[in-house]
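Accompanying notes for the structure given below.
Just the heavy atoms: all of them, side chains too, but no hydrogens, waters or symmetry mates, feed the values below. Read the numbers this way: they start at 1 and go in the same order the structure lists the ligands and their atoms.
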Amino acid sequence: MEVRARAPGKIILAGEHAVVHGSTAVSAAIDLYTYVSLRFPTPHDNDDALKLQLKDVDLEFSWPVGKLKEVLPELGIKSASSPSSCSLETTKAIASLVEELNLVDAKLGLASGISAFLWLYTSIHGEKPAKVVVTSELPLGSGLGSSAALCVALSAALLSLSDSLKLDFGHQGWQTFGDSELDLVNKWAFEGEKMIHGRPSGIDNTVSTFGNMIKFRSGELTHIKTNMPLKMLVTNTKVGRNTSALVAGVSERAARHGSAMASVFKAVDSISNEVVAIIQSPVSDDLAITEKEEKLGELMEMNQGLLQCMGVSHGTIEAVIKTTLKYKLATKLTGAGGGGCVLTLLPTHDLVLAGTVVDKVIRELEECGFKCLTAGIGGRGMEISFSGFSS
Ligand SMILES: Nc1ncnc2c1ncn2[C@@H]1O[C@H](COP(=O)(O)OP(=O)(O)OP(=O)(O)O)[C@@H](O)[C@H]1O
Ligand SMILES: C[C@@](O)(CCO)CC(=O)[O-]
Ligand SMILES: [Mg+2]
């Protein structure tokens with residue numbers, strides 16, 4: 001049996017980092033996906049290894065099942081239907097397996113993703129031989145939730161071929177799960193995110209699992225319904241960064257300046273709630289849309305100022321802000337910051353004007369060496385398909 005799962009990336013409209021400290025954040029799925037294929041060998045294949053192919057980075061790994069049995073202390077005692085955190089002992093054992101891969105310095109960032117893979121795979125399928133192939137439309141490590149999309153797609157593929165889910169294999173094409181199965185996928189994906197981020201809030205895996213637009217606070221998800229057209233330009237500064245280090249940096253600042261940072265997080269909470277109120281209020285006419293877009297732009301600018309206070313902006317992010325401001329467009333970082341991707345709110349009320357302005361701003365940003373993309377916002381969450389397998 002073969003299965004393919006896909007999970008979307010995301011943008012955060014307001015509240016990144018502060019959400020780790022209990023503030024509200026608002027996030028939407030985007031129509032760029034990470035795909036995970038899973039296949040178990042047949043007895044004829046005579047294959048006794050767990051194989052992982054990471055197509056985006058052109059790497060392939062293989063662990064003989066004997067090696068997994070020898071190194072991993074808790075194999076076979078976990079249950080796929082009750083997600084659990086990786087123990088210290090298993091974390092160390094997985095780290096030793098990843099160390100043996102001798103990743104070159106430029107690819108060291110992949111170690112956390114490979115560790116998350118080993119944890120999720122062996123928790124759900126033990127030492128069973130398999131081939132897993134990963135490929136993504138998302139830029140990796142750029143603020144669009146590539147780590148969460150990986151964990152969600154992996155969890156979905158693994159669970160769909162486990163005994164804990166009863167699925168109808170006859171269905172053709174992409175299909176989603178029921179609420180309780182989505183919940184299970186989301187919980188396992190969160191455990192994977194923990195291996196990658198250290199201290200994730202859970203917002204990225206939650207929006208990737210459920211799709212659409214969500215409000216998230218202290219692990220609580222609220223679905224947001226909107227009929228406001230929302231267009232964002234996504235600019236990738238192409239500066240690599242690591243979410244785990246940025247999240248840790250904000251926590252260190254919060255430990256040094258407890259009261260000041262608490263006020264910053266509280267201000268972000270108010271901004272996120274105002275964003276939700278604007279997005280959810282009914283749209284009556286073009287004038288109302290213009291007014292809403294202006295308010296949303298202002299809130300994005302305020303959120304960006306507070307992200308700068310948290311120490312997660314970057315010279316390239318400031319450069320994008322300066323360029324878009326010339327065209328009176330509001331910009332904020334999205335995701336963990338420190339480089340990565342930046343969001344610019346595009347006006348929808350005057351499409352002719354918007355078209356010319358957008359073309360000009362994209363040209364100017366790309367002349368600076370940045371890469372612009374437009375992505376559909378608020379689309380589908382994770383899905384699986386039992387047809388097709390790429391190797
Ligand atoms: N397609 C993939 N192939 C291999 N590894 C991946 C893939 N997608 C994500 N990863 C893992 O996730 C890491 C990037 O996660 P990180 O959280 O730093 O960035 P992000 O999720 O893209 O951004 P943000 O968390 O700000 O939204 C990579 O270094 C790698 O370990
Ligand atoms: C920076 C952060 O707030 C969002 C990363 O997309 C981290 C998290 O919430 O897990
Ligand atoms: Mg991430």
- prompt: Closer than 4.0 angstrom: is that true for some heavy atom of Lys10 and an atom of ligand 1?
  reply: yes
message: Please determine whether a side-chain nitrogen of the Lys or Arg among Lys295 and Glu298 lies less than 4.0 Å from a carboxylate oxygen of the Asp or Glu.
response: no
message: Quick test: of every protein heavy atom, which one is nearest to atom 3 (O) of ligand 2, and how far off is it to 0.1 Å?
response: His17 N, 2.8 Å
- prompt: What ring pair (Phe, Tyr, Trp, His ring centres under 6.0 Å) pairs are there with at least one residue in residues 32-58, not counting sequence neighbours?
  reply: Phe40-His125
message: List ligand 1 atoms under 4.0 Å from Ser142, heavy atoms only on the residue side.
response: 22 (O)
Region of Leu144 engaging ligand 1 - heavy atom pairs below 4.0 Å: backbone
message: Ignoring hydrogens and geometry beyond distance, is a side-chain donor-acceptor pair present between Glu2 and Ser37 at under 3.5 Å?
response: no
- prompt: Contact between Arg241 and ligand 1, counting heavy atoms under 4.0 Å?
  reply: yes
task: Could you see which bit of Ser146 sits under 4.0 Å from ligand 1, with heavy atoms only: side chain, backbone, both or neither?
output: both
field: the Mg ion (ligand 3) neighbourhood, protein N/O/S only, threshold under 2.8 Å
entry: Ser147 OG, His197 NE2
query: Taking 4.0 angstrom as the limit, do Lys332 and Glu16 come out as a salt bridge?
result: yes
task: Quickly, which of Lys51, Lys131, Lys55 forms a salt bridge (Lys or Arg N to Asp or Glu O under 4.0 Å) with Glu60? Name it, please.
output: Lys131
- request: Using a strict cut-off of 4.0 Å, indicate which atoms of ligand 1 neighbour a heavy atom of Gly113.
  value: 31 (O)
message: Please state which option from Ser201, Ser244, Ala336, Gly338 has its nearest heavy atom closest to atom 8 (C) of ligand 2.
response: Ser201
field: Proximal candidate to atom 12 (O) of ligand 1 [heavy atom criterion; set Gly145, Ser147, Gly240, Gly338]
entry: Ser147
For Val134, the ligand 1 atoms whose distance to one of its heavy atoms is below 4.0 Å: 1 (N)
Within-shell test, Val57 vs ligand 1, heavy atom, strictly < 4.0 Å: no
field: Leu110, portion touching ligand 1 at heavy-atom distance under 4.0 Å
entry: both
field: Shortest protein contact, atom 4 (C) of ligand 2 (heavy atom only)
entry: Ile12 CD1, 3.8 Å
field: Proximity winner for atom 23 (O) of ligand 1, if only heavy atoms of Ser27, Cys341, Gly143 are counted
entry: Gly143
Structural part of Ala111 in contact with ligand 1, heavy atom criterion under 4.0 angstrom: neither
query: Which of the numbered atoms in ligand 1 are below 4.0 angstrom from a heavy atom of Ala336?
result: 26 (O)
statement: With heavy atoms and a 4.0 Å threshold, my read on which part of Glu193 contacts ligand 2 is neither
query: If hydrogens are left out, which of Leu140, Asp56, Asn242 has an atom nearest to atom 8 (N) of ligand 1, that is, the closest non-hydrogen atom?
result: Leu140
message: Between Asp359 and Arg363, does any side-chain N to carboxylate O distance fall below 4.0 Å?
response: no
